[in-house]
Chemist: 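Dropping a structure here in structure tokens format, bear with me for questions.
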Amino acid sequence: MTTSSEQTAKPKSMLARAWDSDVGYSFRHSPVAIISSTVALLLILAAVFAPLLAVMNPFDPASLNLLNGFTPPLSQAEFSPDWFLLGTDDQGRDVYSTILYGMRISLFVGFAAVALGMVIGITLGLISGYFGGWADAIIMRIADVQLTFPSILVAMLIFGVAKGVTPVEYRDQLAIWVLILAIGLSDWVQFARVVRGATLVEKNKEYVQAARLMGRGALPILFRHILPNVMSPVLVIATISLALAIIAEATLSFLGVGAPATQPSLGTLIRIGQGFLFSGEWWILVFPAVTLLALALSVNLLGDWLRDALNPKLR
Amino acid sequence: MLSYIIRRVLQSVLVLLIVGLVAFAMFTFMGDPIDNMLGQERTQEDVDRLRARLGLDQPFVVQYVKFILSALQGNFGVSYEQGRPVAQILAERAPATLELALVSGVFALGAGIVLGVFTAIRRNGFMAQMVMTISLVGVSLPTFLIGILLIYLFSVELDWLPSFGRGEVVDLGGWTTGFLTTSGLRALILPAITLGLYQMTLIMRLVRSQMLEVLRQDYVRFARARGLPERAVLFRHALKNTMVPVITVAGLQLGSIIAFAIITETVFQWPGVGLLFINAIQFVDIPVMAAYLMLISVMFVGINLLVDLLYVAIDPRLRT
Amino acid sequence: MSLLEIKDLTVEFPTRRQRFVAVASADLVVEPGEIHGLVGESGAGKSTIGAAIMGLLEAPGRITEGEIALNGSAISGLDQDAMRALRGNRISMIFQDPLTSLNPLFTVRQQLVETILTHLDVSGEEADQRARDLLDRVGIPDPDTRLDQYPHQFSGGMRQRVVIALALCSEPEVIIADEPTTALDVAVQAQILDLIRELAEERQVGVILITHDMGVIADTTDRVTVMYQGEVVETGPTDQVIGDPQHLYSQSLIAAVPRPNEPRHRFPQISYGGRQTRFAIEDIARNWPRQDADPDTPLIKVQNLSKRFLEKRSLIPGKSTYFTAVDDVSFDIFPGEVFGIVGESGSGKSTIARLISGLHRVDGGVVHFRGQEVSDLSNKAVQAAFRQEIQMIFQDPFSSLNPRMRVDQIIAEPIHHHRLLSGSAVKTRVAELLEQVGMGAEAGFKYPHEFSGGQRQRICIARALATQPQFLICDEPTSALDVSIQAQILNILKDLQEHLGLTLLFISHDLPVVRQMCSRVAVMKNGQMVELQATEDLFARPKTEYTRELLSLMPRLDALQSSGS
């Protein structure tokens with residue numbers, strides 16, 4: 001008697017459910033969400049496929065031609081037949097290509113830092129919220145202390161300490177990883193606090209009690225039952241954190257304590273370009289700056305929309 | 001309530017001791033001060049003698065206690081880079097940062113609350129929607145870009161305001177102030193806006209979302225059902241409840257203004273402690289880094305304590 | 001001309017998929033000094049009528065047709081300013097939850113005086129005096145001190161009194177009370193209803209009392225209007241509607257209310273609207289491993305059970321304060337019986353359930369199951385066996401199912417966990433269970449939020465039956481459900497006990513329900529067991545004063561006696 005009904009009703013796929021859900025509906029009806037996700041996706045794809053899209057590899061000294069320096073956008077270099085869409089910088093690097101490669105580093109640092117902060121934050125938040133007691137007390141005190149300090153300062157300190165302990169000859173190579181560590185470690189508290197708060201609510205709900213009654217252990221309860229139910233706020237924070245991490249990376253690099261000139265991120269490019277803005281070579285600064293803004297803004301808009309969509313009370 | 005305050009004070013002291021430990025650990029484990037103080041031509045004897053004189057042969061805990069005690073007396077050692085006592089350098093630089101932070105803090109808090117309330121009560125209005133959209137652009141623009149933009153517009157193109165430095169300052173017995181001269185005030189405008197803008201958007205968005213949350217509460221519905229005028233509902237009942245959580249976060253935000261000053265000071269070459277710190281990181285000038293860390297944590301902890309007390313004053317539920 | 005007259009009122013909420021008609025052509029008339037009950041199940045549209053009268057419909061809801069008239073003049077078309085002049089002045093409202101209706105940051109005096117000054121042309125001193133008088137009138141002792149206290153310093157019942165005082169600030173002609181006692185304990189509930197009655201008579205106020213509780217309607221109202229899915233199905237004097245309901249829906253609704261005074265074998269179910277669902281108890285019973293235990297050997301033996309919770313942590317170890325939730329409680333539960341525990345909220349009845357099931361660690365005493373100690377959570381072997389034998393049905397069907405898991409995954413979880421079946425046999429078993437509880441196997445492919453409260457409770461029952469347990473704990477299993485669904489679920493539980501020989505621990509605050517369900521009943525008060533008797537003895541001859549008091553607070557439903565099946 002059961003087989004007939006099994007054939008008529010098939011479980012819907014994840015994608016179909018997402019599309020049909022309230023969030024999916026809100027997405028389809030929000031021009032802001034559609035445009036910002038498209039922009040973000042295009043920029044991410046451009047960064048991923050930078051080697052294919054770029055006209056030159058700005059990291060490769062052999063491809064540089066100092067004679068091409070300071071070529072304005074949409075024009076030919078003075079002393080060579082090369083033509084540049086977005087102009088060149090002081091060393092003759094094609095700005096369009098440096099932006100593609102710079103975005104690669106910015107996005108890589110951003111994603112990796114958020115992933116690091118998220119993993120640490122979710123794990124500690126779940127432990128803290130579910131088990132309580134001294135583990136909770138210790139984790140939350142550490143979080144409190146760290147929250148007392150703005151994340152950018154924490155990141156700078158971690159960067160400064162790391163710079164102090166790494167040998168000079170490795171500093172440039174390690175700089176990117178130090179950045180990820182610095183931003184990721186400055187960022188976990190938010191995830192931990194939100195996950196802890198949500199876990200405290202969820203763990204007292206009756207479905208968790210039912211699982212405990214069944215004799216389920218802590219791990220299946222945490223990862224099968226509680227984690228999926230605390231993911232929506234985590235998703236919102238992760239999106240907004242991505243924008244913040246990209247900005248933090250740009251800021252650190254701009255201040256000269258981030259990505260080195262040999263591996264320039266968008267922030268490094270802006271740092272380089274800042275010197276030329278007042279002498280008239282505006283394109284060296286403006287194009288990386290606009291790219292950074294487009295990236296951060298589209299991710300922020302997406303996060304903003306996501307928060308409203310996942311919280312129907314606000315509508 | 002007294003026990004609540006005592007607990008908060010104890011917690012603050014604990015935070016400071018932990019920060020002190022971090023700062024001290026930076027001293028101990030990063031860069032040997034002996035290397036910095038003695039030149040290349042040194043004997044093992046010199047090294048040992050200096051080590052004993054600085055107390056570096058003593059156990060970690062004893063050194064830590066000594067470090068804290070001397071920090072309490074304002075002694076943070078000597079800058080590796082400048083060769084002068086760190087405390088002296090900080091004292092020269094602090095007024096610049098504090099004045100900048102004060103002005104931008106007042107700007108961020110004032111404008112943030114006003115705009116936050118406005119966008120909340122007119123949430124579907126055109127102006128409110130515009131403000132919200134612009135604020136998202138503001139959050140997405142890194143502070144340093146805003147600074148560069150403002151300099152380009154108002155200093156380079158329009159030539160209205162200075163692009164760097166503090167202008168003329170007046171020395172009031174060790175405290176240099178830019179508030180008393182026209183050029184000092186003019187120099188403050190751009191950095192203060194740059195520094196305050198980001199915090200302002202954050203406070204504004206926070207006030208807005210808190211206010212919307214409060215407006216959904218039963219006691220607001222009940223206040224409306226009692227026929228209270230809309231202005232009493234909004235500005236008496238809703239606003240006061242909005243401010244309770246806002247105070248905490250706003251306190252933290254104001255604290256972070258001092259830290260974010262690092263960026264603004266770099267862009268505007270503002271001679272404050274932030275600029276000092278960023279240079280210290282690049283030169284790995286540990287005493288300056290450690291002292292800056294201690295100084296700034298005292299400020300943060302102080303602000304947090306103040307916020308906690310304010311909380312008690314506003315919320316009667318905490319008083320019993 | 002009546003005090004309040006609603007004619008042909010239609011309220012619509014446009015939603016994403018369609019236009020939702022919350023109220024359809026409703027008529028309602030209220031006279032001065034009359035308490036008019038508005039009764040119906042959740043979603044019937046009764047609260048929407050209240051909000052529509054106040055002009056406080058939540059966006060995007062709006063009145064699309066009809067008229068509301070106060071003393072003959074229409075108020076449904078008025079603009080916001082005109083409505084505000086009416087609100088709190090001529091029409092007041094009392095909300096359900098006194099905890100959230102008062103602004104926590106203002107003293108009671110500030111809130112009262114503000115409201116008085118808004119509506120009456122009096123001086124500050126006079127307003128102060130009036131505030132004091134109002135508190136006195138609603139029965140708050142020592143009003144002079146209480147005036148300067150904040151809402152959090154009042155108990156739930158006292159807070160609701162403050163809310164009523166606020167509603168009375170300017171001598172309103174109509175008061176709308178939206179479930180004013182639902183959040184309160186029975187004893188307090190009775191006092192608040194008495195107060196509302198007195199005030200209505202004394203001040204000749206017309207009261208609209210919105211509730212889902214037939215007991216409240218029978219005890220308090222003069223006239224009653226029954227609503228079903230946005231429509232008024234019947235209206236008339238309370239005695240007449242309850243004693244001799246005309247409409248099929250009111251008949252079945254009233255029949256489904258559990259009677260306090262006589263035991264009945266089954267609960268009459270609501271047959272209106274085709275909500276009847278099958279429960280295949282015979283199918284379940286066919287393959288059930290019945291254990292014929294000795295009926296005189298306790299299945300569960302609880303001895304000197306105690307539990308305390310940390311109330312306030314102190315830095316000094318001895319100074320932490322504790323709240324004793326369960327205090328030295330002992331009882332036995334015999335195989336095949338339904339053992340009831342009743343008490344008000346906070347009496348410790350739910351804590352006992354959680355202690356027996358091992359969700360809380362015991363602080364003192366032991367629990368034995370079939371002679372084995374199960375309160376020692378560290379004995380893994382005993383625990384593993386015990387977990388298969390015991391299951392629990394929870395109060396809130398909306399939180400007892402994991403919203404991120406599919407229904408078939410939810411029901412399969414205990415089967416997988418105890419390794420009862422494997423492979424496709426699990427699937428077959430899950431489908432079978434769903435069929436048996438009347439859901440149909442295709443329900444397994446959906447998520448919990450796609451089901452109603454009653455359906456979810458059936459899913460919970462399917463999950464509980466998956467391990468074929470011998471002992472079932474039911475913690476207020478129906479208090480979150482509408483009365484019609486309540487009858488279905490209670491009948492299912494009865495079936496389980498009768499046909500499968502399950503032993504039930506049934507926890508409830510609802511005395512009429514307990515009387516129908518249980519063979520023996522224990523009464524809890526402040527963590528202690530004050531009385532334990534066979535059900536009929538307890539209801540006929542209560543031994544303690546407390547039990548007598550509880551029994552006296554049961555809704556009398558005099559008019560109900562004669563009616564029903």
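The chains referred to below are lettered A, B, ... by the order of the sequence lines, with proteins before strands, and numbering in each begins at 1.
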Chemist: Do you know which two heavy atoms are closest between C:Thr118 and B:Gly227, and how far apart they sit?
Modeler: CG2-O, 3.6 Å

Chemist: Does C:Gln111 form a side-chain contact (heavy atoms from CB on, under 4.5 Å) with B:Tyr219? I'd like the steps, not just the answer.
Modeler: CA-CA 11 Å; C:Gln111 305 193 38; B:Tyr219 54 78; over 6 Å; no

Chemist: Is B:Val214 close to chain C through its backbone or its side chain, or both, or neither, when contacts mean heavy atoms under 4.5 Å?
Modeler: neither

Chemist: Among B:Lys240, B:Arg236, B:Gln217, which residue forms the greatest number of heavy-atom pairs with chain C at distances under 4.5 Å?
Modeler: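 Answer, by heavy-atom pair count under 4.5 Å with chain C: B:Arg236.
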
Chemist: Quick one: does C:Glu58's side chain get under 4.5 Å of B:Arg221's, heavy atoms only?
Modeler: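 Yes, their side chains come closer than 4.5 Å.
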
Chemist: Report the distance from atom CZ of B:Phe222 to atom OG1 of C:Thr100, rounding to the nearest 0.5 Å.
Modeler: 10.5 Å

Chemist: Checking heavy atoms, do the side chain of C:Ile91, its backbone, both or neither come under 4.5 Å from chain B?
Modeler: backbone

Chemist: Check each atom of C:Met54 against the heavy atoms of chain B and say whether the ones under 4.5 Å are side chain, backbone, both or neither.
Modeler: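 The side chain, not the backbone.
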
Chemist: Measure the spacing between CD of C:Glu114 and NE2 of B:His237 and express it to the nearest 0.5 Å.
Modeler: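 Between C:Glu114 CD and B:His237 NE2, I get 3.5 Å after rounding to 0.5 Å.
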
Chemist: Which heavy atom in B:Val244 sits nearest to a heavy atom in C:Leu105, and how many Å separate them?
Modeler: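 Reported closest heavy-atom pair: CG2-CD1, 3.7 Å.
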
Chemist: Please report the shortest heavy-atom distance between B:Pro229 and C:Arg84, naming the atom on each side.
Modeler: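 Answer, listing the atom of B:Pro229 first, then C:Arg84: CA-CD, 3.7 Å.
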
Chemist: Would you say the side chain of B:Arg226 lies within less than 4.5 Å of the side chain of C:Leu166, judging by non-hydrogen atoms?
Modeler: yes

Chemist: What residue in C:His119, C:Gln96, C:Met93 has the most heavy-atom pairs under 4.5 Å with chain B?
Modeler: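 Heavy-atom pairs under 4.5 Å are most numerous for C:His119.
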
Chemist: Could you tell me which portion of C:Gln110 (side chain, backbone, both or neither) has an atom closer than 4.5 angstrom to a non-hydrogen atom of chain B?
Modeler: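 Interface part for C:Gln110: both.
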
